[in-house]
Participant: 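Sending over a structure as C-alpha cells; questions will come in a sec.
These numbers were taken from a predicted model, which means no experiment stands behind them. Residue numbers begin at 1 in each chain, while the letters A, B, ... track the order of the sequences.
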Amino acid sequence: MRVPLLCIGWAILMQAGSATAADRVLSVTIYADDLALIQDRRDIEVKEGRQRIEFQDVSAQIRPETVSLTASDISIVEQNFDFDLLTPAKLMEKAVGREITIVRVNPATGVETKEQAQVLATNGGVVLKIGQRIEVLRDDGLPVRVIFDRVPENLRARPTLSVTVIGAHSGTRRATLSYLSPGLSWKADYVALYNESDSKIDVQGWVTLRNSSGTSYDNAQTLLVAGSPTQADGGASIYRPQPRRPALQEAGTESGSRERLGDYYLYPLAERTTIANQQTKQVSFLDVQGVPAEHGYEYRNRWLGTAETPVSAKSVYSFSTSAHAGLGDQLPAGILRFYMRDKRGDPQFIGESRIDHTPMGSTLSLATGDAFDVKVHAIVDKRTRLSPFDWQTDMRYELTNALPRAVVVKLIQDGLWGDSSIKTESQKSTRRSAESAEWAVTVPAHGKTTLTASFETKY
Amino acid sequence: MFVRCARLLRLRCRMKLPLPCAMWLIGMGLAATPAAAADVLAGQPTDLSVTVYRAPYRNSGSINLDYLAGFALVSETRTVLLPAGMSRLRFEGVADGIEPASAIVTGLPSGVIEKNRDAKLLSPSALIESAVGKPVELLRSSRKTGKTERLTGTLLSDADGGVVLQTAQGIEALRCSGLPETFSFEPRSDLSAHPTLSVLVRSPIAATRQVTLSYLSRGFDWAADYSATLAADGSRLDLGAWVTLANSNGVGFPSARTFVVAGKLNRENGEVQPIDLGGPILANCWPRGSTSDSPMILRMDRELHFDSLTAGLPAAARAMSLQEAAAPAAQKVQQEQLGDLKLYRVPDRTTVASRQSKQVRLMDRSQVPITTVYGADLAANQLAGPAPAYRLLRTMNNAANHLGLPLPSGNVAVFALHEGETLLEHESGMRDIAVDEEFEINMGASPDVQVSQAKEASTADFAHAEMLPLVPGVGALRSVKLDDVIRVDISNARAADIQFELRLQLPPGGRVIRADHPMDAKNGRPIFRLKIPANGTATLRYQRQHTADRVT
C-alpha cells in the first residue's frame, strides 16, 4: 500500500524532535500597521536532555529576535533562525568532499550504470573524482542522474526557526511559541448608501485583512487591534504637500461596548478562520441602517488669491457616530465608499474618503468629490497698500449653481495668519480660528451669488 | 510520527481522495476540525452592469489606451445553488483589476462570514510552491524506449527556482540529469485559473438564490470626444460628441447595462494586493559549466538580452477615431443627476469587451453661434518679442446658444470645410463645463496675429513723456509713482477685422493706472478689448503703478 510508505518517508525527513501539530491552536493578532503577533500553542514531544526543536510553519517574514517559546519543564539553550535555502546548487556545494551516487544512462540502450563519486569542486561546473580518475559532471552532455543520500542539516525549503532546549524529563507538553511578524495588516472598509429622499445613510463596515507574509495560518483565532504600537524601526513620516481636509469635525466622548486593549479597540473575529498566503479577506463588523446624514458643499480658498477659472465646490456628507442618531460605534481607520441609487434604483459609486480611528460620538464630514454644478470663483478685486506694513485686499467670490434647487455652500477663506481682519463684508462671517473665516452662502437654483469681503492684513 | 501520518492523510483527503481517507479518519478518531465548507461555484453572470468613471486626476483630454487610469463599478447577478450548512461560494472570472476591499455581496440568505480574494492563480510555479513538503509523483521518461517511470516522492524545496525532491532512491534535483523529468500533481480546487472572489456563507437550508456581487475595478477609463465643425463663415459650429470608454481588463462584460459618470470623485490611493500571475517551473541546477566553455558566455548573455528587448509587444492599436460624421440615427446616452455627478446611461445593453475601447454617442447640437476672439496673455512690464496670439471660439453653454447641457471633460477636435471636404483644424483638451458657464475652445497659436510688448518711455524722462489718459475708475493720482510706459503692438495679416483681447498678469497689489484704450477686468485680471483692422496693426500703451515686485 502506498500511503504508509509515504508516511515513513515523511517521518525521516522531519526527523525526531520536530514539533508536531496535533491540537494546534493558532492565534493571530493583527495590528493596523503591517504587524502581527502570532501565538502558536501546540503539544510538543520533548525528550530528556538537550535537543533541537524545529518550527517549519512559522511566518516567512518572522522577526526572529521576537521569538519566545514557553513550555513547562524545559530550559532554552538557544534559538536559531536558518535562512540557508535548499536548492540544487547548495545541495551540490555542501556535498563537496562527500560521496554521491551517479547513475549514467546509456542513450542508446537506456541501461543504467551506478557509480560512487566524490565531489571535488562546484566552481562553475561540478568536478567529480570517480575511482582514481577526475571527471566533469555531464561534460559530454549525456544524461547522468545524481543521487544524494541526505539533505545537509542547515538547508531548508523555507527559512526555519529552531530552538535548542533541555528537557527536564521526556513526555508531551503544551508549548506556546509567540513572535512578531510583518506582512499581515488590516484596515476597515465602509460601504455607505446615501438615500437622497430622506437624507439617511446605511453603513456597513468590513475589516479587510491582507496576508503577504509568505505563510498561511490555518484555522486561526483572529483578533484585530485598531491601533499601531510604535515599532522601533520604520515609521517614517509621509510627505504631504497639502494638509488633508480634516474628516473629523468634532471628536466624540462616548464609550461603547467594544473590548479594549489599553487605548486600542479590539475586533475579534467570531469564528476561526484560515488566513491563506496572498489572500485579502473581509469580515463584517458593523451594519447600521437609517442614520441621519447631511449633504452640503464646501469650498476652501487657501490664500487671498485669484483663481484662473471657477473651481468646483467639494461635495460633503456629514454624519455622527454617536449612539443617539448616529452609527453608534467607534470606527477604525479605513476608507468609506459612498453609493447612491440612480433613477432606476441601481446603486452607483459616488466617491470615497479616508477616515482615521474615530471615537464614538464624533461628527464626521467627508468629501466625496467635486460638485459638477456648484462652482466658486475667487477673485482679488483690488489690493492696496494702506501703509508700509498694512495691506487691504478686496475679495470677490462668485458662487454659481446649475442645479434645479438652492444649495448652501460653506465658503472658507484660509491663509489669514491671524493678523488679517475683515473690514467690510457683504454677509456676516464666522471666524472659526484666527487662520480662517467662514461663510454659509445660499445660492439659488440656476443662480449666482456674489460675496465680497475686504481684508486688512499686516505685512 | 503517527500524528504526522494522520496529518498527511488529512491533506490527501482535502485533495479529494474521499473514500479510504474518510475511513482512516473515522478509524483514528481525530479531534474534530471545523466542518469543511462545501465548495460552490456561482453560475455565470445573468445580469451585468458596468459604470465607468474617469481617471480622477485628468482635468481634460482623452484617455490613454496604454494606461487606463480610471475605474469602474461592476455589478454581476449570478444564480447560486446553496446547500445547507457552510459553503465557500466562488465567483470566478471577476475583473483582474478588482479592488477586493470594495466588494459587496447581496442576496445571500444569512450573513456572509467572510469574503476572500486569493491573489494566487493556477500556474506551474504555484503548483510547485504549494506542493513543497507534500507527496508528488515524478515522471521520468526514456528517450530511447519512450517508457515512463513513475516514482512517488516528496517535494523538499523550490527555493530560488531550484527543485529538490526525495524518492525512495535518495535525494535528487529536478531536470539536472539531462533526462526528461516532470511532476504529476494531485487534482486540486484551491487554485483558480481566473481571478476569483470567494465568500464563506452559512445557510440554514438548501436554496437557490440570485446573488449580486458589486465591486470597484481598475483598468477602465472614459472621456468625451467632441468634434466641432465650423461653418464656412466661422460664425456657427455643429458640435457632436462621443463617449469613448475602454476596458483594459482581461475580462469582458457581455451584454451589460453600461453607464459612465462625469464629475470628479474623491479617490484614496488605497493599495491593492497585486495578482500573482505565477511563472514557469525554472528548475535551476548546480553549476553546469563544461570543459569547453569559454569566457565568451557573458557576451552571449547580453546579446540574448538584447534580442528579448527588441521583441517587445507591438504598440496597442489606437481605436479612437477622430473622424466625424456621426450617423444621425446613433442612439445617444441619457443623462441624469447622480448626487453631484452626472450619470450617462447607454440606452441599450452593450458588451464591454476585454481590452476594447468603445464609443457611444453623447450629444449632437447644430448651429451653435460662436464668436472668434484672438488673445494674448502677457505678464505686465515684461518685454516679449513678437509671438503668435491664440485663437478662441467662444460661446455660452446655455439654451440660447443651442447648448445648455453639462459638457464633460475630454478632447475637442475642430473641423473646417475646405473645398467641400472636412479637414481637421485643431485639437485641444477641455475641462468639465456646467450649464451657463462660458465655453471656450482653444484653437492654438495663430501666426497671422503677432503680439509684442516693449518699453516705450522711461519714467526717468517724465517731462517729455506723453501722458496717457487715466484708466476709468482711477482718480487723479498725481502722487502715485508710475512705471515705464509699455507699448503692445498687435499685427493682423488676415483679410478680415479681428477681435483681440489682451490679458495682463500683474504682481500682487499691482494696478494699471493709465492706458490709451478702455480697460476692463475679467476673472480679476485687467483686460483690453481691441478691434484690429484687416491687414492692419494696432498699438496699445499702458502704465502701471510702480511696485517693487513682492517676494513672498
Side-chain angles (χ1 to χ4, degrees), chain A residues 6-7 9-11 20-23 85-89 91-92 110 122 124-126 136 138-139 143-145 147-149 151 157 189 191 208 210 273 276 278-283 306 315 335 337 340 342-343 348-354 367-373 379-380 383 385 402, chain B residues 1 3-5 7-8 31 51 73 100-102 104 114-120 132 135 142 144-145 154 156-157 159-160 162 164 169-173 176-179 263-268 270 273 276 285-287 289-291 336 338-343 432 434-436 508-509 524:
Chain A
L6 271 172
C7 286
W10 185 266
T20 55
D23 296 326
L85 297 179
L86 173 57
T87 63
L91 198 57
M92 191 61 93
T122 62
V126 179
V136 173
R138 294 195 58 213
D139 197 26
V144 179
R145 282 170 59 201
I147 300 172
F148 303 87
D149 56 354
V151 176
D189 280 284
V191 177
T208 307
R210 276 176 55 171
T273 185
Q278 292 202 330
Q279 189 178 55
T280 304
K281 180 186 287 297
Q282 285 197 294
V283 183
T306 297
S315 181
I335 293 173
R337 295 187 179 80
M340 181 185 269
D342 64 19
K343 291 237 163 72
Q348 301 283 5
F349 178 64
I350 56 166
E352 65 189 17
S353 191
R354 192 182 290 277
T368 57
D370 292 357
F372 198 104
D373 289 320
I379 295 160
V380 178
R383 214 190 294 267
R385 178 171 250 169
Chain B
M1 208 201 91
V3 180
R4 273 282 163 204
C5 282
R7 187 172 167 221
L8 191 71
T51 308
L73 173 70
S102 69
I104 306 169
E114 58 178 49
K115 297 185 280 191
N116 297 300
R117 189 211 60 175
D118 292 311
K120 218 161 200 25
V132 170
S142 158
K144 176 70 189 166
T145 62
T154 307
L156 293 187
S157 172
D160 294 342
V164 180
Q169 296 174 0
I171 291 146
E172 292 187 63
C176 293
S177 61
L179 295 168
K264 204 166 172 181
L265 279 75
N266 195 31
R267 285 282 279 164
E268 305 289 349
Q273 197 163 20
D276 180 2
C285 273
W286 41 73
S290 71
T291 48
E336 63 182 72
L338 175 73
D340 286 308
L341 306 166
K342 303 289 174 191
L343 179 86
D432 283 335
V435 175
D436 289 334

Participant: Is it the backbone or the side chain of A/T368 that comes under 4.5 Å from a heavy atom of chain B, or both, or neither?
Facilitator: backbone
Participant: Ignoring hydrogens, what is the shortest heavy-atom contact between B/A159 and A/L85? Give both atom names and the distance.
Facilitator: CB-CB, 3.5 Å
Participant: For residues B/Q169 and A/I147, report the shortest heavy-atom separation together with the two atoms involved.
Facilitator: O-CG2, 3.4 Å
Participant: Distance check, rounded to the nearest 0.5 Å: A/D342 atom CG versus B/T51 atom OG1?
Facilitator: 7.5 Å
Participant: Give the minimum heavy-atom separation between A/G351 and B/L265, together with the two atoms involved.
Facilitator: N-CD2, 3.3 Å
Participant: Identify which part of A/R145 has an atom lying under 4.5 Å from any heavy atom of chain B, answering side chain, backbone, both or neither.
Facilitator: both
Participant: Select one option (side chain, backbone, both, neither) describing which atoms of A/V126 are under 4.5 Å from chain B's heavy atoms.
Facilitator: both
Participant: Taking B/S102, B/S157, B/G170 one by one, which has the highest count of heavy-atom pairs under 4.5 Å against chain A?
Facilitator: B/S157
Participant: With only heavy atoms counted, which part of A/A276 is less than 4.5 Å from chain B, the side chain, the backbone, both or neither?
Facilitator: side chain
Participant: How long is the straight-line distance from CD1 of A/I335 back to CG of B/N266, given to the nearest 0.5 Å?
Facilitator: 9.5 Å
Participant: List the residues meeting ring pair (Phe, Tyr, Trp, His ring centres under 6.0 Å) with A/F349, not counting sequence neighbours, and say none if there are none.
Facilitator: A/Y339, B/Y53, B/F71
Participant: If you count heavy-atom pairs under 4.5 Å with chain B, which of A/D189, A/L86, A/T87 comes out on top?
Facilitator: A/L86
Participant: Please give me the minimum heavy-atom distance between B/E268 and A/R354, naming the atom from each residue.
Facilitator: OE2-N, 2.8 Å
Participant: Mind ranking B/V435, B/I104, B/L341, B/L338 by heavy-atom pairs under 4.5 Å with chain A and telling me who comes out on top?
Facilitator: B/L338
Participant: Look at A/V191, A/V144, A/V380 and state which one has the largest set of heavy-atom pairs under 4.5 Å with chain B.
Facilitator: A/V144
Participant: For B/I171 and A/L91, which heavy atoms make the closest approach, and how far apart are they?
Facilitator: CG2-CD2, 3.8 Å
Participant: Considering non-hydrogen atoms only, spot the tightest contact between A/P88 and B/C176 and give its length.
Facilitator: CB-SG, 4.4 Å
Participant: Under the rule for side chain to side chain donor-acceptor pair (under 3.5 Å), what residues qualify as partners of B/K115, not counting sequence neighbours?
Facilitator: A/Q282
Participant: So how far is it from A/Q348 CD to B/E336 CD, rounded to the nearest 0.5 Å?
Facilitator: 8.0 Å
Participant: Can you tell me which portion of A/D149 sits under 4.5 Å from chain B's heavy atoms? Options are side chain, backbone, both or neither.
Facilitator: backbone
